[in-house]
Asker: 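So that we are looking at the same thing, I have put the structure below in structure tokens.
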Amino acid sequence: MSTDEFPTDRPAVVTCGLPYANGDLHIGHLRGYIGADAFNRTLETLGQETAYVSGSDMHGTPVAVNAEQDGVDPADFALEWHDQYEETFPKFNVEFDNYGHTHDETNTQLTQEIVRTLDEEGYVYEKEIQVAYDPDADQYLPDRYVEGTCPYCGKKARGDECDEGCQRHLEPGEVEDPTSTITGNPAEYRERSHKFFEVSAFADYLTDFLDNLEGTSNARNQPRQWIEDGLQDWCITRDMDWGIDYPNGTADGDDEDDLVLYVWVDAPIEYVASTKQYSERVGTDEYDWERVWKEDGDIVHVIGRDIIQHHTIFWPAMLEGAGYNAPRAVAATGFITINGKGLSTSRNRAIWAKEYLEEGFHPDLLRYYLTTTGGLQQDVDFSWDAFQETVNGELVGTVGNFWYRSLLFAYRNYEGTPEVDVSPDVADRIEGAIGDVRENVNDYSLRGVGQAAVELAQFGNEYIQRNEPWKLTDDDSEARSASEEPSGDEPRGPEQAAQVIRDCVQIAKAVGVLLEPITPEKSQQLWAQIGEEGTVADAHIEDALEAPPRNFDEPGELFAKIEDDRVDELNAKLEERVAAAGADAEESDTEHDDTDGDESADATDTSEAATTDLEALAEDRIGFEDFQELDIRVGRIETAEGIEGADDLARLEVDIGLETRQVVAGIKQLHDLEQLPGTKCVLLANMEPAELFGVESNGMILAAGEEADLLTTHGDAALGEKIK
RNA sequence: UGCGGGAUAGGAUAAUGGCAGUCCACGGGGCUCAUAUCCCCGAGGCCCAGGUUCGACUCCUGGUCCCGCAACCA
């Protein structure tokens, strides 16, 4: 590892986090794949020898569980997702040099080889541990097959992680009061012999490693804390069938056959395996995977920030222990939010890869948005409104407009590039942009790379505007030359027009070269428009200064505006979908309640308890004016349905005369929702809107006490009448 | 109560301890080659309180507020 700037004279490899073969891809995933792809493309543009590799992550309990539920073989299940991913990436111009998967032969062999080495080097030991076991299902319960109580914070936790409480990684056997997620029965602990990787032996090594690690700051800082707290050795085997077998001859005990490696052991090794496959395909003369991974290659991992631990603790320790090269950089991306709220696949608040394409948007638009909207490390919000703003403002208005106006002018007046040399000032400006790209890629700032290109286009617009070549061309310059004499030091008239347009074509080309890592396809179209041969992807960044071909055809517009009503439509679709997901989930929730006898018992318990201790009366009196601020109206419940995941909450539509409001109310425990429609109620109408369980609530239904006894009217007050 | 991230103009987003920049929106002007696109000018900003410093958006302490994480959703 070295801190030489890119491009280095060593081979590099860029990876993105492995997609887990368990579900559809969405823009949260894409951010990482596109980011790594753009980074790799930028390195290529700089002349760096590099490869971009990844693969599908096929093992682990979620795949095993879901495959079982679908009644299919886990390998088939995972492969189906793998195939889908492989088809999807090119559609976003994400071009891997190799894309494999963790279940293939290369990874299986390499994983076993590396683990064997770790074992031989004395970094692996065996320990008897307590493993949860489900006597009814007659099987052991690794990781998420078991849940229980976190021994550190006392909260409910999954078998491998205290997900709701302290977020600690839990080792097998740590969870208290284990329950089987297969049968729901209490699990018992049985003693089993498992393999442990001695991570604790690497504490000093890892501290040094982090000091030299490039990438994003969160990937350096977070693990320092973990090291200070003390590293736990890492249990690397599991009692299950789906996974890579622990290498033969080293495990002992009768049930050796059942032990597979923990998914996080073989997953990162896929980075190496995938590189190896690439090397084997193109030949080691062209790209030598062993040099990269075992000698002096520059290894760059782009990951999501949730897997920093694996990439800055476990993984470098494994690499070091097995005699491999250490990563040069770990760049951890932030999350994507949708309209300011957390992306949620279960609530369908997500922009799916497939959906984006079906809407007919060009992949380069999303690539640009995701890479330039925020820093790599920052959380980035996605909304169709912001997407529109970025596309229309920067890609259409600045880049597209500059490209089109320059090339069209050049084509009409000169049938291509005017035959003069580019002016020194413009060449300097382009040189400056090239410098910005170099600097930014070394800072792992894709945003900066994109900005350097767009700012150059912006300069182009200023330049053409300032020089007004349209006033200087042959056609109508005669009239002008009478009034506007040459100002002496600068040539005015046709020669200057030719110079300006010559410069603009050069700038247009440069923008195309510089933007290629982010908008490869659009840049390629520009490349073709100016009559260049070959592909812009193969161009070197210095080609931005090379003269474009003399002649080219009439150019076309490369970016189209996104209209307002299109955005309205997309917003409506998204809202609808989120609402529908809530309703679907609610149905299954209701089914649950029916079979759950405890629910009704709970309700009676609380109603009895509620009568015994009453809240003390409030001391503070309020004025009439304070009361008047409350806009309380008579309403009628039109529809009522439960909300997914909530014990008491219901989604109501309430007619309050002037309009119908959607309200979320905690009234499910006492009232039968089916009886509610038609019932009059009292609603606080100027309550701030709130979102509860993903459902927006626009008002507050008045009800009494803990179990929410609904208030109503006894006369025939009209809907919408104010309570005074 | 936990962990992580954050707070900069109306909205969004930057700045090795050294003049707070950029985009959208807004007000004014200009251009007509260009997709009503583009260019120029203007107004408008560092969460609060301390501390370190010649100098703090930046570093330290304390506080306030926001966001994410709770069926693998990165």
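Residue numbering restarts at 1 for every chain, and letters A, B, ... go by the order of the sequence lines. These numbers come from a predicted model, not from an experiment.
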Asker: Does B:U61 have a Watson-Crick or wobble mate here (both distances under 3.5 Å), and if so which one?
Answerer: B:A49
Asker: Please state how far atom CD in A:Q465 lies from atom P in B:G29, giving the value in whole angstrom units.
Answerer: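 Distance check: A:Q465 CD to B:G29 P gives 17 Å.
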Asker: What is the separation between atom CG on A:N218 and atom P on B:G5, rounded to the nearest whole Å?
Answerer: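 Distance check: A:N218 CG to B:G5 P gives 7 Å.
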Asker: Is A:R466 near enough to B:C31 that one of its side-chain N or O atoms lies under 4.0 angstrom from OP1 or OP2?
Answerer: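 No.
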Asker: Using a cut-off of 4.0 Å on non-hydrogen atoms, how would the nucleic acid contact of A:G17 be classed: base, sugar-phosphate, or nothing?
Answerer: nothing
Asker: Which nucleotide sits closest to the side chain of A:E557: B:C38, B:U35, B:U13?
Answerer: B:U35
Asker: So if I take every side-chain heavy atom of A:N461 and compare against B:A36, B:U32, B:C39, which nucleotide ends up nearest?
Answerer: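 In terms of side-chain proximity for A:N461, the closest of B:A36, B:U32, B:C39 is B:C39.
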Asker: Watson-Crick or G-U wobble partner for B:G42, using a 3.5 Å limit on both distances?
Answerer: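 WC or wobble partner is B:C26.
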Asker: If you check the A:F335 side chain, which of B:G68, B:C39, B:U37 turns out closest?
Answerer: B:G68
Asker: Please work out if A:L408 contacts a base, only the sugar-phosphate, or nothing of the nucleic acid, heavy-atom cut-off 4.0 Å.
Answerer: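 Counting heavy atoms under 4.0 Å across all strands, the contact made by A:L408 is with sugar-phosphate only.
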Asker: Check every strand shown and say whether A:I501 touches a base, only sugar-phosphate, or nothing at a heavy-atom separation below 4.0 Å.
Answerer: nothing
Asker: Tell me which nucleotide among B:A34, B:U35, B:C40 gets nearest to the side chain of A:V396.
Answerer: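 Of all the options, the side chain of A:V396 is nearest to B:U35.
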Asker: Just checking A:R31: base, sugar-phosphate only, or nothing, at a heavy-atom cut-off of under 4.0 Å?
Answerer: nothing
Asker: Distance check: side-chain N/O of A:Y404 vs OP1/OP2 of B:U35, anything under 4.0 Å?
Answerer: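 The answer is yes; a side-chain N or O of A:Y404 sits under 4.0 Å from OP1 or OP2.
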Asker: Give one of base, sugar-phosphate or nothing for A:G60, where a contact means two heavy atoms less than 4.0 Å apart.
Answerer: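 Result for A:G60 = nothing.
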Asker: Look at all strands and tell whether A:Q377 reaches a base, only sugar-phosphate, or nothing, counting heavy atoms closer than 4.0 Å.
Answerer: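 No contact.
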Asker: Contact class for A:N401 vs. all strands (heavy atom < 4.0 Å): base, sugar-phosphate, or nothing?
Answerer: base
Asker: Taking only the side-chain nitrogens and oxygens of A:K341, find out if one of them lies under 4.0 Å from OP1 or OP2 of B:C67.
Answerer: no
Asker: Does the structure show a Watson-Crick or G-U wobble partner for B:C3, both distances under 3.5 Å? Name it, or say none.
Answerer: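 Here B:C3 is engaged in a pair, and the nucleotide opposite it is B:G68.
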Asker: Just to be sure I understand the rule, does A:F402 reach a base, reach only the sugar-phosphate, or reach nothing, if contact means heavy atoms closer than 4.0 Å?
Answerer: nothing
Asker: Just to be sure I understand the rule, does A:Q458 reach a base, reach only the sugar-phosphate, or reach nothing, if contact means heavy atoms closer than 4.0 Å?
Answerer: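 Here A:Q458 touches the backbone only, sparing every base.
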Asker: Work out which heavy atom in A:L407 is nearest to a heavy atom in A:L526; give both atom names and the distance.
Answerer: CD1-CD2, 3.6 Å
Asker: Could you please name the option among B:C40, B:A14, B:U32 that lies closest to any side-chain atom of A:E462?
Answerer: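 Nucleotide nearest to A:E462's side chain: B:C40.
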Asker: A:F409 on top of B:C33's base, within under 5.5 Å and under 30°?
Answerer: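 Given the distance and angle limits, no, they do not stack.
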Asker: Scan A:T373 against the nucleic acid and name what it touches under 4.0 Å (heavy atoms): base, sugar-phosphate only, or nothing.
Answerer: sugar-phosphate
Asker: Whom does B:U35 pair with, Watson-Crick or G-U wobble, provided both distances fall under 3.5 Å?
Answerer: none
